[in-house]
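One structure is given here, and the rest of the page talks about it.
For ligands, and for the atoms within them, numbers begin at 1 and follow the listed sequence. Heads up: numbering here begins at 1 and tracks the sequence. Scope of the values below: all heavy atoms of this structure, side chains included, with no hydrogens, waters or symmetry mates.
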Amino acid sequence: MNILTIKKLKRIVIIGAGFAGLQVAKKLRRDKFQVVLIDKNNYHTFQPLLYQVATAGLEPDSIAHSIRNIVKKKKNFFFRLASVHYINTNKKEIITNIGNLSYDYLIVATGSVTNYFGNKNIESHALPMKSIPEALNLRSLILQNFEQAILTKDTQKKKKLMTFVIVGGGPTGVELAGALAEMKNYVLPHDYPNLDIQNMEIHLLQASTRLLDGMSEQSAKQAYKNLENLGVIIWLNCLVKDYNGDVVFIKENKKIQTENVIWTAGVKGAIIKGFLKEDIEGNRILVNQYLQTIRYKHIFAIGDVALMKINRYYPNGHPMTAQPAIQQGNYLANKFNINCFFDNNQAIKPFIYKNSGSMATIGRNKAVCDFSFFKLKGFLAWIIWMFVHLVSLVGFRNRVIALMNWIIQYFQYNKSVRLIIRPFHKKKKVI
Ligand SMILES: Cc1cc2nc3c(=O)[nH]c(=O)nc-3n(C[C@H](O)[C@H](O)[C@H](O)COP(=O)(O)OP(=O)(O)OC[C@H]3O[C@@H](n4cnc5c(N)ncnc54)[C@H](O)[C@@H]3O)c2cc1C
């Protein structure tokens, strides 16, 4: 079945309505092209704030936005809710769960998935945080475990329920550890007066020698200090070998007993079948300086899934973060709009990533920001962090709700969405 029969103009199909896909979709000229955007969800997810959903700070709908709402009333624009399974590069056609669709040009913007580095045990038992349903699982699990901890008389079981291990000391792990520590310090003692919340342990495990690998040494040290002050136990140089649902096994025979392992240790490109092995490296699609796949001139890849290795500042590809994705989306839309890829006489300028800096928050009043010419920490950095995240959220309603939540939490020392709406069911443990 063909999922779209109308076709008057050249058709550009975009797979993925994340930061990259949405940007290109919004900017492409629809008097010149028919634009078809496909996503397996009917909403865009603002992933940088997933950790706030997981720790009951924000409602899930305040970090999601309906794709149809974003693109409504745009002529020659079509959205299809579908999962793309295969790209038939010979027939210039994609195969989805609802039917097939031909394309003149294809833009793959499928983002990334959690990388467990091949460890099936960890994949079965640890909790990822890459989507809204996963963040909600985490929120439910945290609250369910405290409910269970009140009931159990078994002190070892109680400790395991109240011990949280976050694997991965990048911005996501750091922000999550900070938010959990704030729950421990300000929220949980009031919710569970019969539990000794001081027994709650938050461990942050990082494989390398420092936190926040992509940021400056100065910011990494500051984040370490802030997390330590909040009571987080930080393990550097710590490689997780396995997790069986009960015990985290760390190299050099160290162990942590816990029922809660949150995996933020890595992502890999979300590849769709149809590409040749040689066109993929490290689970990302190889592209040239124009974001064109190396074999197929009509297929482009942008965002986390794309790997451009020719830039001398980023020989291993751009960081898998929102800014490169947005800038690549913008670049491609501009180049399409001025006919770059069909007018052979046009000299095309290559894509150049402009790094606007990086930041991470470590709980209330604390953040670190690295910009090109200066670095910031503390309250001012935290205000900048909030401002940047607020303006980047898609949709006016979402910005207002997030801001209101943050103001209320700031003055009430509270996290308002401590709800187990959809209970999380743990998988059976390996014995
Ligand atoms: C917890 C977390 C925190 C983060 N924090 C930050 C941060 O603070 N700052 C920062 O810059 N970056 C952060 N990132 C990274 C940032 O979110 C990503 O780099 C960015 O989302 C990449 O954009 P993208 O468009 O390539 O992919 P995505 O935004 O992931 O979008 C991909 C889209 O493709 C769709 N899709 C995938 N496969 C298919 C398929 N087969 N069929 C149909 N649709 C499909 C998905 O549903 C999704 O909508 C964070 C990521 C996570 C997970």
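Remark: minimum distance from atom 5 (N) of ligand 1 to any protein heavy atom is reached at Pro48 CA, 3.3 Å. With respect to atom 49 (O) of ligand 1, the closest heavy atom belonging to the protein is Asp39 OD2, 2.6 Å. The closest protein non-hydrogen atom to atom 23 (O) of ligand 1 is Ala325 CB, 3.6 Å.
In this view, Asp61 satisfies the side-chain hydrogen bond (donor to acceptor under 3.5 Å, both in side chains) rule with no residue, not counting sequence neighbours. By the side-chain contact (heavy atoms from CB on, under 4.5 Å) test, Val261 pairs with Ala126, Val165, Val167, Tyr243, Val248, Thr258, sequence neighbours left out.
Contact annotation: for His85 versus ligand 1, there are no heavy atoms closer than 4.0 Å. Of all the heavy atoms of Ala20, the ones lying under 4.0 Å from any atom of ligand 1 are found in both the backbone and the side chain.
The distance criterion of under 3.5 Å between nitrogen or oxygen atoms is met by Phe19 with respect to ligand 1. Between Gln47 and ligand 1, at least one N/O pair is under 3.5 Å apart.
A salt bridge links Lys7 with Asp104: the closest approach of a Lys/Arg side-chain nitrogen to an acidic carboxylate oxygen falls below 4.0 angstrom. At a threshold of 4.0 Å, the pair Glu123-Lys120 counts as salt-bridged, since one of the basic side-chain nitrogens sits closer than that to a carboxylate oxygen. Of the charged side-chain nitrogens involved, at least one lies within less than 4.0 Å of a carboxylate oxygen, so that Arg210 and Glu217 count as a salt-bridged pair.
Heavy atoms of Thr172 come nearer than 4.0 angstrom to ligand 1 in at least one pair.
Geometric assessment of Arg364 against the ring of Tyr410 yields a positive cation-pi assignment under the 6.0 Å and 45° thresholds.
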